[in-house]
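Keep in mind it's a predicted model, so treat the numbers as computed, not measured.
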Amino acid sequence: MTTVVMLDPAMPDRLERIAAFLPAGWNLTTAASRSPEDQLAAISGAQYAITGDVPVTAAMMAAPGLKAVHKWGVGYDGIDLEAARQHGVRVLRTTGSNAVTVAETTLGLILSVNRNLVRGHVGILGGDWLKGSLAPTSMTLSGKTVGIVGMGYIGKALVRLLRGFGCTVIYTKRSPLPATEEAELGIRFAPLAEMLATADVVTLNCELNASTRDMIGRDQLALMKPSAILINAARGGVLDEQALADAIREGRLRGAGIDVFAAEPIQPGNPLLGLERVVLTPHIAAISADSFATSLTRMFGNLQAIETGKAPREIDILV
């Protein structure tokens, strides 16, 4: 029997929902925990593995009989691609599948920080009416300059959402888009330093790789306006969390919205915890109940293609 393992531990009810999309005759299991030992035990004997946030290590890629690993989403920084190549394991992702979801969450974080929505909510829960005290740090988004790091599917989806706010959008990435595409989107390329110094809102929507790891640190944050905010819905490794916490605590940055962290789940000692001008969410940007069926159908379709000797969707292939 063909077995698929969910490496992110799933409760029985969630496993049952996922199993409804399995190809006929396939079996679905899940890992007992995120520990390396339980992950190795879970992947052993499975032909296919699906991961959301759990890293797939070289030791896991060496599991006998493993044919493919599928990322639920797009960020593959936690998957050992070289080990996959060495062991002949295919690696896939659902390219572009969560672009709108992440873009909407990014916009939500921008508005939450800019308008002090979470601080006002928490204040009311605690019996405080903070209307007056929140006024000095509440800002509008309309007409502001937004800088986007990365301009893939997510960045482009965010640009389309920002049109309704009349924002000026500048972006940075390794290679600028063609001039025709920039004109169509109404955006302008700028080097990172210029973008950081110019933008009222900086949002990170890029992949984590060798060129983006630790991209935003103390020196880069120092280029930003004290009135600016920073949003990270990319990967925790792109940003120096301690440097960001220091900048906000010292008044060198107005606030931040962070969905991803260097260590997940977030650790008790994370420097961003407890800062009142920071909105933290538990890596939920890519999650959407109404994309559940579409994503599973796509993933199992790719895996079934491999099982039957056919080609999976080309844009989803990493290895």
Side-chain angles (χ1 to χ4, degrees), residues 8-9 33-35 52-55 73 75 77-78 101-102 104-131 133-139 141 147 149 196 199-208 212-287:
D8 300 75
S33 78
R34 293 171 179 262
S35 74
D53 299 326
V54 172
D77 49 279
T101 308
V102 177
E104 287 185 357
T105 305
T106 300
L107 178 59
L109 286 171
I110 293 171
L111 294 173
S112 294
V113 177
N114 250 7
R115 305 299 306 145
N116 280 314
L117 300 181
V118 174
R119 291 178 68 189
H121 170 72
V122 171
I124 285 179
L125 292 181
D128 295 323
W129 190 258
L130 302 177
K131 183 175 181 178
S133 62
L134 295 180
T137 56
S138 293
M139 303 286 285
L141 174 60
V149 178
L196 292 173
D200 301 296
V201 176
V202 172
T203 173
L204 310 180
N205 297 106
C206 56
E207 293 181 345
L208 175 61
T212 62
R213 185 174 293 280
D214 300 322
M215 174 190 289
I216 306 297
R218 194 169 303 276
D219 292 343
Q220 290 73 32
L221 292 169
L223 298 173
M224 294 178 65
K225 303 174 183 178
S227 59
I229 67 171
L230 184 139
I231 308 297
N232 188 11
R235 283 292 186 268
V238 174
L239 171 69
D240 183 334
E241 294 169 347
Q242 184 63 62
L244 175 63
D246 291 343
I248 292 171
R249 190 180 297 108
E250 295 165 10
R252 293 183 282 108
L253 203 63
R254 184 164 54 92
I258 308 296
D259 183 58
V260 290
F261 305 91
E264 296 183 356
I266 192 169
Q267 302 300 296
N270 189 292
L272 296 170
L273 286 171
L275 296 182
E276 62 180 13
R277 287 182 285 125
V278 178
V279 175
L280 306 177
T281 51
H283 202 154
I284 57 173
I287 297 173

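Looking only at distances, a side-chain donor or acceptor of Thr212 sits under 3.5 Å from a matching main-chain atom of Glu207. Between the side chain of Glu104 and the main chain of Thr101, no donor-acceptor pair closer than 3.5 Å is present. Checking side-chain atoms of Asp8 against main-chain N and O of Asp53 turns up a donor-acceptor pair under 3.5 Å. Without hydrogens or angle criteria, Arg235 side chain to Gly75 main chain gives a donor-acceptor distance under 3.5 Å.
Among all heavy-atom pairs drawn from Ala256 and Val113, the shortest one is O-CG2, 3.3 Å. When all heavy atoms of Ala233 and Val102 are compared, the pair lying nearest together is O-CG1, 4.0 Å. The two residues Ala243 and Gly217 make their nearest non-hydrogen contact at CB-C, 4.1 Å. Contact record, Ala234 with Cys206: CB-O, 3.2 Å, taken as the closest heavy-atom pair. Across Ala228 and Ala199, no two heavy atoms sit closer than the pair CB-O, 3.8 Å. Annotation for Gln242 and Asp240: closest pair N-OD1, 3.1 Å, computed over non-hydrogen atoms.
No donor-acceptor contact under 3.5 angstrom links the side chains of Asp259 and Thr105, judged on distance only.
If you take CG on Asn232 and CD1 on Ile216, they are separated by 9.0 Å, rounding to the nearest 0.5 Å. Here the straight-line distance linking atom CG of Leu109 with atom CG of Asn114 works out to 11.5 Å at 0.5 Å rounding. Distance OG/Ser112 to CG/Leu280: 11.5 Å, rounded to 0.5 Å. To the nearest 0.5 Å, atom CG of residue Asn116 and atom CG of residue Leu130 are 9.0 Å apart. Annotation: the span from Leu134 atom CG to Trp129 atom CH2 amounts to 11.0 Å, rounded to 0.5 Å. Atom-to-atom distance recorded for Ile248:CD1 and Arg254:CZ is 10.5 Å, nearest 0.5 angstrom.
Looking at Asp246, Ile229, Leu230 one by one, the single match for side chain to side chain contact (heavy atoms under 4.5 Å, CB included) with Leu253 turns out to be Leu230.
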Can I get a per-line list of side-chain donor-acceptor pairs under 3.5 Å for residues 266-275, giving both atom names and the distance, sequence neighbours left out?
| unit_1 | atom_1 | unit_2 | atom_2 | d |
| --- | --- | --- | --- | --- |
| Gln267 | NE2 | Pro265 | O | 2.7 |
| Asn270 | OD1 | Leu272 | N | 2.9 |
| Asn270 | ND2 | Glu241 | OE1 | 3.0 |

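Inter-residue side-chain proximity for Arg252 and Pro226 is flagged as unmet; no heavy-atom pair is nearer than 4.5 Å.
For Arg249, the CZ atom counts as densely surrounded, since its 6.0 Å shell holds more than 12 non-hydrogen atoms of other residues, nucleotides or ligands.
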Note to self: Set out, in order, the CA-CA distance, both residues' side-chain angles and the distance that settles side-chain contact (heavy atoms from CB on, under 4.5 Å) for Thr137 and Arg119, then state yes or no.
What the structure shows: CA-CA 11 Å; Thr137 56; Arg119 291 178 68 189; 3.5 Å; yes

